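What follows is a single structure, written as structure tokens, with notes after it.
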Protein chains: 2
Amino acid sequence: MNLQRALEELKEKGHKYTDKREDLLRFFYEQNGYRTARDVKIMMEDKYPGISFDTIYRNLHLFVDLNLLEVTELEGEKHFRMKCESKHHHHFICLDCGKTKEIHTCPMQQVSGELQDYAIENHKFEIYGKCPACK
Amino acid sequence: MNLQRALEELKEKGHKYTDKREDLLRFFYEQNGYRTARDVKIMMEDKYPGISFDTIYRNLHLFVDLNLLEVTELEGEKHFRMKCESKHHHHFICLDCGKTKEIHTCPMQQVSGELQDYAIENHKFEIYGKCPACK
DNA sequence: TTGTAAATAAGAATGATTCCGATTTAACGC
DNA sequence: GCGTTAAATCGGAATCATTCTTATTTACAA
């Protein structure tokens, strides 16, 4: 899903187009890593001085609901990244720069047998460390 | 490791014995699930009215450092549980009651090949849902 | 028993996130 | 284009988890 398609999706679901939303989405589409609300604010303040955290969080959560972004919790802070289009996978996350690498191993098939009477809702498999550039 | 052994460990590392520390550890040893600092405070207030969050957090972190407790981040809050003694494994976590079930599948062996030039520091594999009792 | 460093209490401070009331704006129909 | 209206935004206060600070208390070794 590219930026144009994402913006159409927004409209189809009855949300309004705003410059801020386009720029926020573009920010995530232009990188391959997790970013915090604070990162977003710093980036947006160039063009929109005085943009409020309320706007940023509201939109981040909207985009997560619309499945345009995904979120993970790291060091007491929510981190967001563009939603991957490729088939189900997990991520290595660089603790320095936030960049990610896809991991195409998922242990859930082997696990299901161990959880017969449990209602599985979701799962998280993440690997943390330093990417080659930050090492 | 049982409660007595944990308390000895405390002393060996040069920390003092206090009733609060014993009760805090016992609380975790008596259950099999993740609990928040708030949960601990509520439990402790019966016996120690006016116990401060500072004391609770300080001790929780001390016990994590001493490898007596482990911690995970869930819904914007840190959750703690007794450190498991059995060999490396992961957990199913009930989103209602916090109780856990050990998962004896770890995908890290298969993954290492995908991360040749990366410095892996740690990883997290957790499954979330409802346990049989809460379902 | 006493000295001292560790532990604790109480409450202020911090940092991320959410809420609220007032204002602005996108989009729709005319 | 113009007016209407619900959605979006702003600015700042509020909230919630967590940490810090300062003064006081306590465990325990000598």
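By convention in this document, chain letters (A, B, ...) are assigned in the order of the sequence lines, proteins followed by strands, and residues within each chain are numbered from 1. Just so it is clear, the structure is predicted and the values come from calculations on it, not from any experiment.
The rotation axes computed at either terminus of the helix from C:dT1-D:dA30 to C:dC30-D:dG1 lie 30° apart, taking five pairs at each end and rounding to 10 degrees.
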| request: For nucleotides 8-14 of chain C, just jot down a letter per nucleotide in 5' to 3' order: B, S or -, based on protein non-hydrogen atoms under 4.0 Å. | output: BBB----
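Between the side chain of B:Lys130 and the backbone N or O of B:Asp96, no donor-acceptor pair lies under 3.5 Å.
Listed by first then second residue, pairs satisfying salt bridge (charged side-chain N to carboxylate O under 4.0 Å, His left out) with a partner in residues 56-71 of chain B read B:Asp54-B:Arg58, not counting sequence neighbours.
Contact check for A:Tyr34 versus A:Asp39: no side-chain heavy atoms found under the 4.5 Å cut-off.
Taking B:Lys47 as the reference, B:Asp23 meet the salt bridge (charged side-chain N to carboxylate O under 4.0 Å, His left out) condition, with sequence neighbours excluded. Every ring pair (Phe, Tyr, Trp, His ring centres under 6.0 Å) that A:His123 has, sequence neighbours left out, goes to A:His88, A:His90. For the side-chain contact (heavy atoms from CB on, under 4.5 Å) test, residues two or more places apart in sequence or in another chain that qualify with A:Asn32 are A:Arg81, A:Thr100. With sequence neighbours left out, A:Asn59 forms a side-chain contact (heavy atoms from CB on, under 4.5 Å) with A:Arg21, A:Leu24, A:Thr55, A:Leu62, A:Phe63. Qualifying salt bridge (charged side-chain N to carboxylate O under 4.0 Å, His left out) partners for A:Glu12, counting only residues two or more places apart in sequence or in other chains: A:Arg5. The ring pair (Phe, Tyr, Trp, His ring centres under 6.0 Å) search around A:His89 returns A:His91, A:His104, not counting sequence neighbours.
Atom-to-atom, CZ of A:Phe80 to P of C:dA16 comes out at 13 Å; the value is rounded to the nearest Å. We find that CD of A:Glu12 is positioned 17 Å from C1' of C:dA26, with the value rounded to whole Å. The NZ-P distance, from A:Lys16 to C:dC28, rounds to 9 Å in whole Å.
B:Ile42 belongs to no hydrophobic cluster with other residues, because no ILVMFWY side-chain heavy atom falls under 4.5 Å from its own, directly or through intermediates. Alongside B:Tyr57, the hydrophobic cluster contains B:Phe53 (criterion: ILVMFWY side chains under 4.5 Å).
Checking the phosphate oxygens (OP1, OP2) of C:dA6, no side-chain nitrogen or oxygen of B:His15 falls inside 4.0 Å. Listed pair A:Arg38 / C:dA16 meets the phosphate criterion, a side-chain N or O lying under 4.0 Å from OP1 or OP2. Residue A:Lys41 has no polar side-chain atom (N or O) positioned under 4.0 Å from OP1 or OP2 of C:dA16.
Mapping heavy-atom proximity under 4.0 Å, the span of DNA chain D touched by chain B runs 5' to 3' from D:dA17 to D:dC28.
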